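Comments concern the structure below.
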Amino acid sequence: PIYFGNIAPHEKNSKTRFVMIGRLSPNTRNCAQLLEAIEKLLQENITDFEVCVIGSGGMEIPEHLKKHIKKLGRLNFHDMYHHCMLGLNKPMLLEKTFADVYGFSEKDTVVYQGNSLYEAMKQAVAMDKKVYAEKCKALRQYAEDVAAKSQKNLAETIASIEG
């Protein structure tokens with residue numbers, strides 16, 4: 001699903017909200033990297049953010065980090081879409097490997113490599129409204145391109161079936 005009607009452009013909030021989808025587990029490298037990034041942000045007195053975690057898992061969160069991490073648990077698709085989705089034009093933080101595979105770029109996403117999640121989160125928190133709006137606009141264009149390509153593929157498939 002990529003089209004949800006005419007969605008008003010999203011404006012950057014004063015409190016940056018990150019959404020993580022996946023299992024919250026101490027055995028997952030991404031979770032350790034996330035906690036380390038949050039710790040570094042707090043050490044720099046950067047506190048105007050929260051991380052919402054969608055998914056299962058029962059990883060223990062250090063007490064001093066808990067007010068910045070909101071565990072939402074497993075959600076149905078409707079509720080999950082409310083928090084994040086390409087069609088809702090909310091910029092993401094993506095590791096470069098995933099950004100490349102799915103066609104995202106620095107124009108529409110905050111792209112990071114390897115262990116640089118902290119730097120990407122810091123960049124997102126510090127991002128001004130103008131840059132955020134530009135990313136939203138580029139993301140909307142990318143979503144429209146993906147939707148048009150999907151519609152074309154569907155039309156070609158139906159035509160080939162009909163003979």
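Note that the structure is predicted; figures quoted are calculated from it, not measured.
In this structure, Lys70 and Val51 have side chains that are not in contact, with every pair of non-hydrogen atoms separated by 4.5 Å or more.
Surrounding NZ of Lys71 are more than 12 heavy atoms belonging to other residues, nucleotides or ligands, all under 6.0 Å away.
Residues Val111 and Val146 fall into different hydrophobic clusters, defined by Ile, Leu, Val, Met, Phe, Trp and Tyr side chains chained together at heavy-atom separations under 4.5 Å.
Taken to the nearest 0.5 Å, the CZ atom of Phe98 stands 13.5 Å off from the CG atom of Leu93. A distance of 6.5 Å separates CG in Leu42 from CD in Glu39, rounded to the nearest 0.5 Å. From Ile161, atom CD1 reaches atom CD of Glu156 across 12.0 Å, with rounding to the nearest 0.5 Å. Note that CD of Glu134 is 13.5 Å distant from CG of Leu139, once rounded to the nearest 0.5 Å.
Under a 4.0 Å N-O distance rule, the pair Asp145/Lys149 does not qualify as a salt bridge. Between Lys122 and Glu44 there is a salt bridge, with a side-chain nitrogen of the basic residue lying less than 4.0 Å from a carboxylate oxygen of the acidic one. Between Lys66 and Glu63 there is a salt bridge, since a side-chain N of the basic residue sits under 4.0 Å from a carboxylate O of the acidic one. With respect to Arg17 and Glu50, a salt bridge is recorded, a charged nitrogen being found less than 4.0 Å from a carboxylate O.
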Would Lys135 and Val110 satisfy side-chain contact (heavy atoms from CB on, under 4.5 Å), going step by step from the backbone distance to the final call? CA-CA 9 Å; Lys135 285 194 183 295; Val110 176; 4.1 Å; yes
Checking side-chain contact (heavy atoms from CB on, under 4.5 Å) for the pair Met121/Ile38: CA distance, chi angles, key distance, verdict? CA-CA 8 Å; Met121 290 177 75; Ile38 293 169; 4.2 Å; yes
Could you walk me through whether Leu34 and Met20 pass side-chain contact (heavy atoms from CB on, under 4.5 Å), step by step? CA-CA 9 Å; Leu34 175 65; Met20 175 186 153; 3.5 Å; yes
Take Tyr118 and Glu36 through the side-chain contact (heavy atoms from CB on, under 4.5 Å) test and state the conclusion after the steps. CA-CA 8 Å; Tyr118 155 72; Glu36 181 181 311; over 6 Å; no
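Nearest heavy-atom pair, Cys52 versus Leu72, reported as atom, atom and distance to 0.1 Å: CB-CD1, 3.8 Å.
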